There are 2 protein chains.
Amino acid sequence: MNAENVLDVAMSAYWQNDPADVSVNAICQMAGISKPSLYRAFGSEDGLSRAVLDRYAEQVLSDIFVILQGGTGLHQTLDALIDFASDDPRMETGCLFYKMRAGKHRLGPDTLSRVEEIDAAARAAYAAFLQAARDAGEWPDGLSVEAGARYLGEQIALAITQRASGEDPARIREMLTLALSVFTRR
Amino acid sequence: MNAENVLDVAMSAYWQNDPADVSVNAICQMAGISKPSLYRAFGSEDGLSRAVLDRYAEQVLSDIFVILQGGTGLHQTLDALIDFASDDPRMETGCLFYKMRAGKHRLGPDTLSRVEEIDAAARAAYAAFLQAARDAGEWPDGLSVEAGARYLGEQIALAITQRASGEDPARIREMLTLALSVFTRR
DNA sequence: TCATTTTTATACCAATCGGTATTTTAAGTC
DNA sequence: GACTTAAAATACCGATTGGTATAAAAATGA
């Protein structure tokens, strides 16, 4: 019955549509397995969506952490983030993590706690990146690293969420570039 | 059976929670009316949510248009928008319009077209406001009014959406102020 | 007061949800 | 081949969804 294949099918379904709109029944049908098989493998819908999120984190989100930890300087890293959010084909239908976070009140407890865990890790990574830029002297006056990290994370989330709603990538890039210009102008 | 009371109850329910999480059954129960009565008055769930959105537009959204058309200059109007998004108590649980727009794929055709209508009107109002600021010479180089209007609208939407998720208003204000600083710095 | 019409309330509909009990099938093992 | 064990498929569960048919009640007109 191949659990990895089920995870791939579920991840793609959750990702392409909204997680809340994809039923367990539909996943079983798409994966060609029976419902008892799925429940034996993952325990519950919560177990499945959590497993999917784990897979997504290591297959996709890890790339964002790589960009942040690249140590290539403020300007260059911001450009890489803009490229990723605006034009990476994998973000064409949005980000599964952001979709889950946006509908967190519908998640089961396990998936929810994983979402919050990833959220905290992302904020920490953004903060570490900005702290390094501050240490290098590339930093506008009167802005805390904490606030900057929150701002940066939410602007990236906004841009990718807009891609999910079919917005023109060029427009998204324009808006995100404008939003992140607060880091490089003084 | 009082249709206005039903609209008030439904608006408050849609607004406080997510529209997709509020069933027709629940609204009937809260309003103390029978389901056939509601369907005779509004035709369908789509008819009800559209009527609710109409009411919301004239009771709440109109205030934003008033701010935008106040003609009090760029800086002052932006501050008023920041105040509204960050601290107006009516936005404490978010904006019903933004909640509907975020879940537009779940809306019926009538409600959906009304959402898009309001969206277009809002963009036009933002653009008119920014055009006036440009005519007054208060405008950064290399930014089109169109792009600025989209950016401004989305930043406001982001801020209010964050209020719905319980974010600290002071943090939201800080982020929104930072985002809108691109209009006043050169 | 009686009859008509309109509104209300109760009960129901088919579809779908997440989750399971039961039965059938298949795979080993001796 | 006979027996055991594990997996799979089907059928079912109660709850809830948007929507309606029908029966009871209330208001209206003569």
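This one's a predicted model, so the numbers in the text were calculated from it and none came from an experiment. We name chains A, B, ... by the order of the sequence lines, and we start the count at 1 in each one.
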Inset, instruction - At the 4.0 Å heavy-atom cut-off to chain A, mark where contacts on DNA chain D begin and end, going 5' to 3'. - result: dA7(D) to dT10(D)
Inset, instruction - Using the test ring pair (Phe, Tyr, Trp, His ring centres under 6.0 Å), find all partners of Tyr39(B) that sit at least two apart in sequence or belong to another chain. - result: none
Inset, instruction - For Gln29(B) and dT10(C), give me the distance from atom CD to atom C1', rounded to whole Å. - result: 14 Å
Quick one: list whatever passes side-chain contact (heavy atoms from CB on, under 4.5 Å) with [X], sequence neighbours left out.
X: Ser23(A); answer: Asn25(A), Ala26(A)
X: Ala147(B); answer: Glu174(A), Leu143(B), Ser144(B), Arg150(B)
X: Ser113(B); answer: Arg50(B)

Legend entry - Those residues that, when tested against Glu154(A), pass salt bridge (charged side-chain N to carboxylate O under 4.0 Å, His left out) (two or more places apart): Arg101(A)
Inset, instruction - Taking Asp46(A) for its side chain and Thr111(A) for its backbone only, find out whether a donor-acceptor pair lies under 3.5 Å. - result: yes
Can I get a per-line list of side-chain donor-acceptor pairs under 3.5 Å for residues 90-98 of chain A, giving both atom names and the distance, sequence neighbours left out?
{"from": "Arg90(A)", "atom 1": "NE", "to": "Asp88(A)", "atom 2": "OD1", "distance (Å)": "3.4"}
{"from": "Arg90(A)", "atom 1": "NH1", "to": "Asp63(A)", "atom 2": "OD2", "distance (Å)": "3.2"}
{"from": "Arg90(A)", "atom 1": "NH2", "to": "Asp63(A)", "atom 2": "OD2", "distance (Å)": "2.7"}

I'd like a table of donor-acceptor pairs (distance under 3.5 Å, sequence neighbours excluded) in which one partner is a side-chain atom from residues 121-136 of chain B, with atom names and distances.
{"from": "Gln131(B)", "atom 1": "NE2", "to": "Asp135(B)", "atom 2": "OD1", "distance (Å)": "3.0"}

Distances under 3.5 Å only, N/O to N/O: pair up the protein atoms with those of nucleotides 16-27 of chain C.
{"from": "dC17(C)", "atom 1": "OP1", "to": "Ser23(A)", "atom 2": "OG", "distance (Å)": "3.3"}
{"from": "dG18(C)", "atom 1": "OP1", "to": "Glu45(A)", "atom 2": "OE2", "distance (Å)": "2.8"}
{"from": "dG18(C)", "atom 1": "OP2", "to": "Val24(A)", "atom 2": "N", "distance (Å)": "3.1"}
{"from": "dG19(C)", "atom 1": "OP2", "to": "Tyr39(A)", "atom 2": "OH", "distance (Å)": "2.8"}
{"from": "dG19(C)", "atom 1": "OP2", "to": "Glu45(A)", "atom 2": "N", "distance (Å)": "2.9"}
{"from": "dG19(C)", "atom 1": "N7", "to": "Lys35(A)", "atom 2": "NZ", "distance (Å)": "2.8"}
{"from": "dG19(C)", "atom 1": "O6", "to": "Lys35(A)", "atom 2": "NZ", "distance (Å)": "2.4"}

